[in-house]
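Below is one structure, written out as structure tokens; comments come after it.
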Amino acid sequence: MTRRIILDCDPGHDDAVAIMFALGSPDIELAAITTVGGNQTIDKVTRNARGILALCGREEVPVYRGAERPLLRQVETAPSIHGETGLDGVELPIPTVAERPQRAAQAIVEIVRESEPGSITLVGTGPLTNLALAVRLEPAIVSRVREVVIMGGGIYEGNWTAAAEFNIWVDPEAARIVFDEPWRVTMVGLDVTHRALATSDVVDQAARINTPTGKFFVDLMRFFRVSNREAFGFADPPVHDPCTIAYLVDPAVVVTKAAPVAVETRGELTAGATVVDLRAPAPANCNTRVATQLDRERFWELVLDAIARL
């Protein structure tokens, strides 16, 4: 069954791949893109989202500008990973369609409220500020959302700090709000996404697609490979965000298990950590799941097939 999603993102090289994956998958209907300050400032990531849609010939998908800063903390971006534009290493076309006038949180509320209950999945691949604002703006959306799927956190791993993954670390207060609501939340964290490596073989397959989107992927990975090697020591870059779309397209690709998740907001050394309780079987009322395994071969098959369709 086709999943209708709102993709809340901060493009971002791996966000760009997630957008192309969603657009090119017959199993996904992209209802809207909402942007949030994260990998770069809100102006830059919003421009990037619109440029990606223009490249893909899909500017009918509405783009809504979201939060430019976290709920309580100062702005933090990641130019060491994504460059000064947020998408260094590629050239985007000039968008021909303007972003929508509504702000992201309001748009999320309106789309969920106007859709059939259980028909909208919220996918977050950046800081969770917009989702937290939406649920505070209209708590009634919680019972109407089918599922919240986020790329963020980790069971055992951090990347921006020793304890925390970037998206959660940027706005842990927002993440705590999202995880604490009684909707279903699936966390696709670093333990899985660090296996989604864009090896030379993957990039070669994309090059053989021989389309503008295939070339775009190759150029994205050329820059992303260098920045991830310099920042984290990866020989091949992990492409985190499309793992959320893979989970929706084929849940067998991303294996999950029920487990309570709490977000640390006050620790001097652990702010932004996602504390996953695996000590015993999850209680019957547990509404959070965490990703534990990735079928890497099938993952890249799905991603590259979607890019080829575009």
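- The structure places CH2 of Trp169 at 13.0 Å from OG1 of Thr270, a figure rounded to the nearest 0.5 Å.
- For the pair Met151/Glu165, a side-chain contact is recorded, criterion being any heavy-atom separation below 4.5 Å from C-beta on.
- Expressed to the nearest 0.5 Å, how far CG of Leu302 lies from OG of Ser25 amounts to 7.5 Å.
- Heavy atoms only, all atoms of each residue included: Val303 and Pro242 are closest at CG2-CB, 4.4 Å.
- Across all their heavy atoms, Ala246 and Val253 have their closest contact at CB-CG1, 4.2 Å.
- Panel note: side chain Arg195, backbone Asp191; a donor-acceptor pair is recorded below 3.5 Å.
- Side-chain contact between Arg136 and Leu133 is absent, with no heavy-atom pair separated by less than 4.5 Å.
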Start with the C-alpha gap between Arg4 and Ser115, add the side-chain angles, then the distance that decides, and say whether side-chain hydrogen bond (donor to acceptor under 3.5 Å, both in side chains) holds. CA-CA 10 Å; Arg4 191 163 182 248; Ser115 301; 2.8 Å; yes

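- Taking the six-membered ring where tryptophan is involved, the planes of His13 and Phe223 are essentially parallel, since the angle between them stays under 30° and well short of 60°.
- Side-chain contact between Phe217 and Ile209: absent, with no pair of heavy atoms (C-beta onward) separated by less than 4.5 Å.
- In this structure, the side chains of Glu29 and Arg3 stay at 4.5 Å or more apart for every pair of heavy atoms.
- Interatomic distance, CD1 of Ile81 versus CH2 of Trp160, reported as 5.0 Å (0.5 Å rounding).
- In this structure, Arg65 and Ile42 have side chains that are in contact, with non-hydrogen atoms separated by less than 4.5 Å.
- With Glu297 contributing its side chain and Phe299 its backbone, the two residues share no donor-acceptor pair below 3.5 Å.
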Show your reasoning for whether side-chain contact (heavy atoms from CB on, under 4.5 Å) applies to Thr211 and Leu310. CA-CA 8 Å; Thr211 64; Leu310 289 172; over 6 Å; no

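- Between the Thr129 side chain and the Ala67 main chain, no donor and acceptor come within less than 3.5 Å of each other.
- When the options Leu71, Leu131, Leu128, Asp171 are evaluated for a side-chain contact (heavy atoms from CB on, under 4.5 Å) with Ile177, the one that passes is Leu71.
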One pair to check against side-chain hydrogen bond (donor to acceptor under 3.5 Å, both in side chains): Glu59 and Thr96. What are the steps and the verdict? CA-CA 8 Å; Glu59 288 188 274; Thr96 62; 2.7 Å; yes

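- Formation of a donor-acceptor pair under 3.5 Å by the Glu181 side chain with backbone atoms of Trp183 is not found in this model.
- Formation of a donor-acceptor pair under 3.5 Å by the Arg208 side chain with backbone atoms of Gly214 is not found in this model.
- Between the side chain of Glu264 and the backbone N or O of Gly267, at least one donor-acceptor pair lies under 3.5 Å.
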Would you check, one step at a time, whether the test side-chain contact (heavy atoms from CB on, under 4.5 Å) holds for Val149 with Thr121? CA-CA 7 Å; Val149 181; Thr121 296; 4.1 Å; yes

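- Both Val142 and Val261 are assigned to one and the same hydrophobic cluster, defined by single-linkage of ILVMFWY side chains at heavy-atom distances under 4.5 Å.
- The two residues Pro79 and Gln40 make their nearest non-hydrogen contact at CB-NE2, 3.9 Å.
- When the side chains of ILVMFWY residues are joined at heavy-atom separations under 4.5 Å, either directly or via intervening members, Val170 and Val148 end up in two distinct hydrophobic clusters.
- Atom CD1 of Ile155 is separated from atom CG of Leu278 by 5.5 Å, given to the nearest 0.5 angstrom.
- To the nearest 0.5 Å, atom CD1 of residue Ile33 and atom OH of residue Tyr64 are 11.0 Å apart.
- In summary, of the residues considered (Asn167, Asp14, Asp15), a side-chain hydrogen bond (donor to acceptor under 3.5 Å, both in side chains) with Thr125 occurs for Asp15 alone.
- Between Glu173 and Arg176 there is no salt bridge, since no side-chain nitrogen of the basic residue lies less than 4.0 Å from a carboxylate oxygen of the acidic one.
- You'll find the side chain of Leu23 reaches within 4.5 Å of the side chain of Ile19, heavy atoms only.
- For the side-chain hydrogen bond (donor to acceptor under 3.5 Å, both in side chains) criterion with Asn130, the lone passing option out of Asp8, Asp10, Thr35 is Asp8.
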Show, in sequence, the C-alpha distance, side-chain angles and deciding distance for Asp236 and Arg229, and conclude whether the salt bridge (Lys or Arg N to Asp or Glu O under 4.0 Å) test is met. CA-CA 7 Å; Asp236 299 308; Arg229 183 174 64 239; over 6 Å; no

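- For Thr46 (side chain) and Asp43 (main-chain N/O), no donor-acceptor pair under 3.5 Å exists by modelled atom type.
- Minimum heavy-atom separation, Val45 to Pro11: CG1-O, 3.5 Å.
- One hydrophobic cluster, built from ILVMFWY side chains closer than 4.5 Å, cannot hold both Ile6 and Val17; they sit in different ones.
- Side chain of Asp219 to main chain of Phe216: no donor-acceptor pair is present (N/O by atom type, distance under 3.5 Å, no hydrogens or angles).
- At least one donor-acceptor pair under 3.5 Å links the side chain of Thr213 to the backbone N or O of Ile307.
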Apply the test side-chain contact (heavy atoms from CB on, under 4.5 Å) to residues Asp201 and Trp300: give CA-CA distance (whole Å), side-chain angles for both, the deciding distance (0.1 Å), then the verdict. CA-CA 10 Å; Asp201 180 62; Trp300 282 115; over 6 Å; no

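- Panel note: side chain Ser227, backbone His82; no donor-acceptor pair is recorded below 3.5 Å.
- Between Arg289 and Met187, every side-chain heavy-atom pair lies at or beyond the 4.5 Å cut-off.
- The local environment of CD in Glu60 is crowded, with over 12 non-hydrogen atoms from other residues, nucleotides or ligands closer than 6.0 Å.
- Considering only heavy atoms from C-beta on, Val90 stays 4.5 Å or farther from Thr85 through its side chain.
- In terms of hydrophobic clustering, with Ile, Leu, Val, Met, Phe, Trp and Tyr side chains grouped at heavy-atom distances under 4.5 Å, Leu137 and Val135 are assigned to a common cluster.
- Heavy-atom minimum distance, Arg73 versus Ala271: NH1-CB, 4.1 Å.
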Begin with the C-alpha distance, continue with both residues' side-chain angles, and end with the deciding distance and a verdict on side-chain contact (heavy atoms from CB on, under 4.5 Å) for Arg296 and Thr199. CA-CA 11 Å; Arg296 182 185 167 278; Thr199 62; 3.0 Å; yes

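- Residues Arg309 and Pro26 approach most closely at NH1-CD, 3.5 Å, considering heavy atoms.
- Hydrophobic clustering (side-chain heavy atoms under 4.5 Å, transitive across Ile, Leu, Val, Met, Phe, Trp, Tyr) keeps Leu30 apart from Ile108.
- The structure places CZ of Arg146 at 12.0 Å from CD1 of Ile5, a figure rounded to the nearest 0.5 Å.
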